[in-house]
Protein chains: 2
Amino acid sequence: MDRAAEDLTARARIRDAAIKLFGERGIEGASIRDIAAEAGVSSGLVRHHFGSKEALRDACDRYAKERMMQIGAELTQDGDLTGLDPLALHPIAFPLQLYLVRSMMDGSETATALFLEGVDAVEAWAAGYGITPKDPRGYAAALAAIKLSVLILRDQVSKALGEDITTPAGYNRIGQALMEVFTIPLLTPEQIDKIRKQEK
Amino acid sequence: MDRAAEDLTARARIRDAAIKLFGERGIEGASIRDIAAEAGVSSGLVRHHFGSKEALRDACDRYAKERMMQIGAELTQDGDLTGLDPLALHPIAFPLQLYLVRSMMDGSETATALFLEGVDAVEAWAAGYGITPKDPRGYAAALAAIKLSVLILRDQVSKALGEDITTPAGYNRIGQALMEVFTIPLLTPEQIDKIRKQEK
DNA sequence: GGGTTGACTACACGATTGTGTAGTAGTTTG
DNA sequence: CAAACTACTACACAATCGTGTAGTCAACCC
């Protein structure tokens, strides 16, 4: 996003800068002037192209969602992943994910809709794979939230690991740790029933 | 926190109001004037008692951390949980958790330290229970982050479930769904190895 | 070639923010 | 009883915010 930035139109540079700063600092935490400075333009131009901060955010929401779905489609469509190096993908996809999660937390309808679609997908996937939790919807929602948790708490997780998980290597590490969570059963179904009764 | 609020000192009311609003809207999202209004005092009194917004936040951090550790100690100490009704505990503990997670995300050292202590505890617990992930530290960090994920994404999870998870009933539901995630193995160790090799 | 359009900047506005100051009422202390 | 202190409010200040306005410059159209 650095060398190629000079080739982009000012509008695209503003949008990319907004996605970066909104994702890092939150919507309220990044001002129009900050974004303009990051994109190397005047603050007036942001308004000229997008109208208002809320409209800029909407544009970022739609762009990030579309881009992520596009990347997801390319990843699942080709089974062999030809030409799609996960390592090369990271610098593009990671800021988009960061932005979407943050925008979601700050009340974005578009990003929240993406989350709900994710829950639907997880629920359908689990049912297709013969996974039968007692609360399929709750199970799917929990899984979807988990997928985003390390993204949200990236600073804390990085500190705990002594390794920056925003780098491809660190992200890979925590991703594999997450998979181990899904592999090692911590509780037996009997233990769950016991707790369930306790709380009732 | 409603009827008893009148009996509290103004200082305590301010602190409780700050924990509530900071937790709901984030640190930047809640102004001194908002907090003062919530506590029913003038904005000047907030400054009088706490000095600055940052100092107020520090006081909230320390109070919330101490209070949560106190509750945790009471819960684990007495095996029979005498006198500690989980349902009665929820209105007290939930806002504290919400605040701590939010403060953590907004860069609080105290809250982050609490997270790291949690990771340590999870790691020690896993080792004691004979759970041997390939990356014990990463595993523990992932588990700790997961525990907080549904708290952070409470609006989205609530929407997915059609049920407010900030209520005791809703919180109980998503808590049990989370436990099911830890119960049902989604991947076999062989599948993990396969993915691990693919990504290298 | 004059006129319109779009990209872009500079500057000013009202609102809100955290913070600072001055002052009042009530209690405590010597 | 006077002095000092504490809890508390009212008001002002500078900075920052999103937004609005005016204007420059180049490309394009008739």
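Fair warning: this is a prediction, and the values are worked out from it, not measured in the lab. In what follows, chains carry the letters A, B, and so on, assigned in the order in which the sequence lines appear, proteins first and then strands, with residues in each chain numbered from 1.
- Rounded to an integer number of Å, the gap from CD1 of A:I35 to P of D:dC17 is 11 Å.
- Taking atom CZ of residue A:F50 and atom P of nucleotide D:dG18, one finds them 15 Å apart after rounding to whole Å.
- Listed pair A:S31 / D:dC17 meets the phosphate criterion, a side-chain N or O lying under 4.0 Å from OP1 or OP2.
- In this structure, the side chains of B:F50 and B:R15 come closer than 4.5 Å at one or more pairs of heavy atoms.
- Within the model, atoms CZ of A:F22 and CG of A:L56 stand 5.0 Å from one another, a figure rounded to the nearest 0.5 Å.
- A salt bridge links B:R25 with B:D34: the distance from a Lys NZ or Arg NE/NH1/NH2 to an Asp or Glu carboxylate oxygen falls below 4.0 Å.
- Between A:R137 and A:D120 there is a salt bridge, with a side-chain nitrogen of the basic residue lying less than 4.0 Å from a carboxylate oxygen of the acidic one.
- Between A:E109 and B:K159 there is no salt bridge, since no side-chain N of the basic residue sits under 4.0 Å from a carboxylate O of the acidic one.
- Using a 4.0 Å heavy-atom distance criterion, B:I32 is classed as a sugar-phosphate-only contact.
- Using a 4.0 Å heavy-atom distance criterion, B:S52 is classed as a sugar-phosphate-only contact.
- Atom CG of A:L45 is separated from atom C1' of D:dA22 by 16 Å (rounded to the nearest Å).
- Remark on DNA chain D: of its neighbouring residues B:G44 and A:E28, the 5'-side contact belongs to B:G44, judged by nearest-heavy-atom nucleotide.
- Think of the region where chain A sits on DNA chain C: with heavy atoms and a 4.0 Å cut, that region ends 5' and 3' at C:dA7 to C:dA12.
- For A:D34, taking side-chain heavy atoms from C-beta onward, the closest of the listed nucleotides D:dC17, D:dT19, D:dT9 is D:dC17.
- Separating the CZ atom of A:R25 from the P atom of D:dT16 is a distance of 14 Å, rounded to the nearest angstrom.
- Nearest-nucleotide assignment on DNA chain D puts the 5′-proximal partner with B:R11, out of B:S43 and B:R11.
- Distance A:K53 NZ to D:dT19 P: 8 Å, rounded to the nearest Å.
- Across all strands, B:R33 comes closer than 4.0 Å to base atoms (heavy-atom distances).
- Contact between the side-chain N/O atoms of A:H48 and the OP1/OP2 oxygens of D:dG20 is not found at any separation under 4.0 Å.
- Between A:Q156 and B:L116, the shortest heavy-atom distance links the atoms O-CD2, 4.0 Å.
- Partners of A:Y63 according to the ring pair (Phe, Tyr, Trp, His ring centres under 6.0 Å) rule, which considers only residues two or more places apart in sequence or in another chain, do not exist here.
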